[in-house]
Structures are given as structure tokens and as C-alpha cells.
**Q** 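Supplied in C-alpha cells, the structure appears directly below.
Keep in mind that this is a model prediction, so the values were computed, not measured.
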Amino acid sequence: MGKTTEKTKYSDLLTTLIAQDILTSSSSQPIYLSSVEVIGGETFSSDFFKKLLGPLVETSDYTLNQLVENITVSRDRLVKADVFKSIGVSLHSDYSASIPHVLKYNKDQLIPTKVIFDVEASNLNAGDGFLNLNNDDNLNVNLNYLNDNFNENAESVNFGVNYNPYKPNQHLIANAKFLANLNDPSLKFLFDLFNTHQNNQTWQQASEKTTGGLIGLQYTNRIKNLYLLTGLSLAKRTIHDIRDGAPDELKYFSGDYLKSSIVNQLVYSNVSFLNNITKNFPISGYNVTVSSEISSNQEQDNIDHQTGFGKSTISTNLFTSFANNNFTAHLFNDFGGIYSPSSNSVHVSDRFYLGGFNSFRGFSKNSINTTGGSQFFKLGLTLYAKVPSFIYSSHKNAAANIPSLEDGIGYEANPLRIYTTGSVGNVSNNILLDKSVASSIGCGLKYINHWANFDIGYYLAQRHGSDSLVGIKDGFQFSVSIGGSNRTVQ
């Protein structure tokens, strides 16, 4: 393959123009590909480009149509690698190149040609740090490091930690993820390791630790609106520090369990945003997420205690706006079910739960059914309205210090919205026969920024078909997140 060089300077512009004219008119005349050069790819290895530009450099004899076709294939691979901000391609006659002896059956003179790819790499190394505060977990610390050019082959390494040191909700969640491109960079090899320690005493009367990993294949299409994942997962889980007053069903799962799974996920998104740069407030479109797994769970000290099951969830979000995007409606719903042919119960960590600021507001964490269930549903609608301009007015022109956050149309980079919302849902082993339903309504104020945001609202919750008041958490609920990063919002 050709070498990586600094941007080529052409001293004879007239000669260059004549050469380009010859190429333009030579759709059937033979072309000799003398070299392929990449400008701006110095941070990547030659092996990386050899793999992606393989269709182009496999041969040197072309017609212009054939050459353009293989250039298109190679450029598509560079786009799918998802590590470049921009990719330019140009053809140039290269009369200084040495041309092999022309074959007897080819009477036409070969046109020596070189292909130049002009690329600009994205921000390949990023570190994030966030402080999150909400009603459920008090203070969380999120730290994340991402390297998108590990080993100079556009392989991705991601390390993340979520830490809460404060009782009674302390937890430590750590993960390390590795992604490697295959020959087609839309397909990636995934290796994901995780380790968690969680204090669930407030709602489950126990604590849990999990160590495991996932290995699989990930697919993302060129326009990044379709994501597929399939893989194998293995996890060791331990329920410990169980209180004496905990239900017998929880005590049944004390000790070590090993879970093995075949996992699949599909995500499709067709969403438009208020600002095309920050992309933090959707205004129209929809997305769908479908997840499924086929799993086996076995107690380590009792191999006869084994349960096989299938688990599926589907989540959809629909967005629509009107009155020049001053009002936005968000309709959301989630459904899930577990099927097990075994008479043994499904592990408590595999069941569904609802309740909490990020799950079902108006109820404390996982409190709608603290023992969990094999089925659940949640339906809801949120209406957002733009805050009057005399209270808050976002700048219309690009500020000198944050030009990258403006999309050139004047749309808000960081919107502030008032909202009203309502949800209904339930968790049960049979939601069709269970007559009880949980509901909540609320209103509040939300500010959306990539590095700092808040959401504060007042909620009222109720259980229908039940006299239980367990978990109902009327009143103000809030979430605040403040962070920083060397990552570029784009």
C-alpha cells in the first residue's frame, strides 16, 4: 500500500488540471494505480489502512469506473471505522510513476494514477468525570476513560467506574470494554468485563456482588441508526449480608450462583434533535430497543439447583413537537417477560423491578414490588414546554467560547423546559391477573446540558387495587449532574 505523507503540493497547476481532464474522459481507457496515499492518518498503523483499503490496493489495473467503484468501497470502510471527522478522496495523474510493460493485448496507453485520501481524525482519547446527586442514591461519582485508537488500529478500550461511598446506598460498579474492528468495520468484536458491589439493604434487605463478562459481535450500520449485538455472557453472583427479617424467597438464593447466557439486542433509532450538534433534546421520531437472553443459573454448592429461562424486554420512545418546537410530547412504554419451564424460581437478580428516579418516579427504588416479578409494564407521557423568553433566553448566535455547540441554525444548544408527566405500571408474576396498578403524576423543570444538567419536580403517586402504601414517595424529587471532559461534543 502507498505511504502516509504530508499534504502534497503541486507546483504545476496547469499540468494537474490537464491530468484531471484526461482522467475525467477516460472512463474506458486503462488506468494504472501507481500509489494510494493517506494524508492525516499518522496516528494509525499501516496495518489498519491495509485492512480497510484492501479492495483498492489488491490490483493496479483499472478502468476509471472500476477504480471509482473500489474507491467507494474503501471510503465506506473508513466511514464505518467511526474514527474520522472528515474523509476526502481525490484522483491525480502520476506521470512520474514507473509503468510496467504493457501487455500485447492491451493496445491503449495506461494512465498512471494515484489516489489520495485526506482524513481528519476524531478525538480518539477522552476522559470524563461526573458528580451525580439524586433522591435515590445521594452522591455518585462517575469516571470514564476512552481510547478509540488502541494499538494504533482504531480498536476501542473503555474503562468506567460508578462509585457511591455513602450508606445506605453505597455501591461500586466497574467495567472494562474492548472493541476491535473486523475486515468490515461495521462489525466489531466485543469483550466486556464487569464487577459490581451493591448495598441493597434499603429495599431488598441484602447486598450483592457480581463478577463476569461478555464476548460477542456488535454491528452498527453506516448512518448509526441500527445496532445489533449477539454474544455469550458468564457471571458469578453472590447474595450476602441478608437480614433476619428478609423474606424466605430471598434467603433461598444466598450464596454463590453461576449464570451463563446467550444474549441478543437490537436498537433502531430514527430521531431528530433540537440541536444537531449537541443532540441532547429529541423533538421528533422514535426509537425501539429489543433485548433477549436464554440463560441458565446454577448454585455452585448444589449442582441440582439449576434453572433455565428465557427473558425478553421491549422499549419504545416516540417524540413529536409542534408550535415551532416550543412544545414536545414524549410517549414511552416498556414491557418485559420471563419464561421458565423449570419448577425452580428465577434468581432474584434476574427479575424485573420498578421504582426510583430513573425508573418510576413517585416511588422509592424498586419498591413497586420489592421481591420482583417475571412480568412488568410501564406506560407514560411527558409534555415539555419552552420556558418564556423573559425568564430564560438561549443565545441565538454562536458564542466565541463554545462555537462547536451551535448548529448554524440558531437552535438551542442547551434547552430549559418545564414539563408535566404521568406514568402507570406494575411488576408481577402475571400482570393480566394482577389487578393492582401503580401510577404517578408530576411536574417540574429540566435543564439539559452535556456537562451540567438538573431535573427537579414534584410527584404524587398511588397504588390502585391495593391498600398498600409501601414505597410511595410523594413530594419533590431531583437530580443534578456536574462534570467535565476533554471530549469534543460533535
**Q** Between Q462 and F363, which heavy-atom pair has the shortest distance, and what is it?
**A**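 So the two residues come closest at O-CZ, 3.8 Å.
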
**Q** Between the side chain of N302 and the main-chain N/O of E299, is any donor-acceptor distance below 3.5 Å?
**A**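 Not confirmed, N302 side chain does not pair with E299 backbone.
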
**Q** Would you name the heavy atoms of S254 and I242 that are closest together and state the gap between them?
**A**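 Closest approach of S254 to I242: CB-CD1, 3.5 Å.
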
**Q** So, D82 and K188, do they make that salt bridge, N to O below 4.0 Å?
**A**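 Looking at D82 and K188, the cut-off is not met.
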
**Q** Just by distance, do the side chain of N369 and the backbone of V427 share a donor-acceptor pair under 3.5 Å?
**A**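 Pair found, side chain donor or acceptor close to backbone of V427.
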
**Q** Is the closest side-chain donor-acceptor distance between S479 and D455 under 3.5 Å?
**A**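 No, no side-chain donor-acceptor pair sits under 3.5 Å.
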
**Q** Scan side-chain atoms only and decide if Q265 and T289 contain a donor-acceptor pair under the 3.5 Å cut-off.
**A**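 Side-chain D/A pair, Q265 to T289: absent.
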
**Q** Can you confirm whether the side chains of Q170 and N199 place a donor and an acceptor under 3.5 Å from each other?
**A**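 Short answer, yes.
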
**Q** Please name the pair of heavy atoms, one in L190 and one in L214, separated by the smallest distance, quoted to 0.1 Å.
**A**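 So the two residues come closest at CD2-CD2, 3.6 Å.
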
**Q** Only one of V437, N426, V470 forms a side-chain contact (heavy atoms from CB on, under 4.5 Å) with I368, so which one is it?
**A**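 Going through the options one by one, the only one that passes is N426.
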
**Q** For E208 and S349, which I'm curious about, is there any donor-acceptor pair between the side chains at under 3.5 Å?
**A**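 Note: E208 and S349 side chains meet the donor-acceptor criterion.
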
**Q** Measure from NZ or CZ of K473 to the centre of the six-membered ring of F357, then state whether that distance is under 6.0 Å and the direction lies within 45° of the axis.
**A**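 Not satisfied by the 6.0 Å and 45° rule.
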
**Q** Looking only at the aromatic ring of each residue, does the gap between the centers of F44 and F84 stay below 6.0 angstrom?
**A**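 Yes: the rings meet the under 6.0 Å criterion.
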
**Q** Side chains of D184 and S186: do they bring a donor and an acceptor to under 3.5 Å?
**A**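 A pair is found: one side chain offers a donor N or O, the other an acceptor, under 3.5 Å apart.
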
**Q** Nearest 0.5 angstrom please: N225 CG to N287 CG, how far?
**A**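 Taking CG in N225 and CG in N287, the distance rounds to 11.0 Å.
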
**Q** For S321 and I283, indicate whether the former's side chain and the latter's backbone hold a donor-acceptor pair under 3.5 Å.
**A**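 Answer holds: yes.
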
**Q** Under 3.5 Å, is there a donor-acceptor pair between the side chain of T328 and the main chain of Y384?
**A**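 Pair absent, no side-chain N/O of T328 close to backbone of Y384.
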
**Q** Got a second to check how far K259's NZ is from T307's OG1, nearest 0.5 Å?
**A**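 Separation between the atoms: 12.0 Å.
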
**Q** Is it the case that the side chains of N430 and S428 hold a donor-acceptor pair, with the cut-off being a distance below 3.5 Å and no angle test?
**A**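 Short answer, no.
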
**Q** Check Q375 against I431 and note the closest heavy-atom contact, atom names and distance.
**A**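 For Q375 and I431, the tightest heavy-atom pair comes out as OE1-N, 3.1 Å.
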
**Q** Between N134 and D136, is there a donor-acceptor pair closer than 3.5 Å when you use the side chain of the first and the backbone of the second?
**A**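 Answer holds: yes.
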
**Q** If only atom types and distance count, is the side chain of R463 paired as donor or acceptor with the main-chain N or O of I472 below 3.5 Å?
**A**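 Side chain of R463 to backbone of I472, a donor-acceptor pair under 3.5 Å: no, none is there.
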
**Q** Where do D334 and S315 come nearest, in terms of heavy atoms and distance?
**A**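 Where D334 meets S315 most closely, the heavy atoms are OD2-OG, 2.7 Å.
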
**Q** Check the angle between the aromatic planes of Y257 and H305 and answer parallel, tilted or perpendicular using the 30° and 60° thresholds.
**A**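 Correct class here is perpendicular.
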
**Q** With respect to F454, which candidate in N449, V480, L133, I448 satisfies the side-chain contact (heavy atoms from CB on, under 4.5 Å) definition?
**A**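 Single pass found, and it is V480.
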
**Q** Taking the six-membered ring for Trp, are Y286 and Y268 parallel (under 30°), tilted (30 to 60°) or perpendicular (over 60°)?
**A**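 Because their plane-to-plane angle lies in the 30° to 60° range, the rings of Y286 and Y268 count as tilted.
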
**Q** Indicate the atoms forming the closest heavy-atom contact of D350 with K311, along with that distance.
**A**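 Nearest heavy atoms, D350 then K311: O-NZ, 2.7 Å.
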
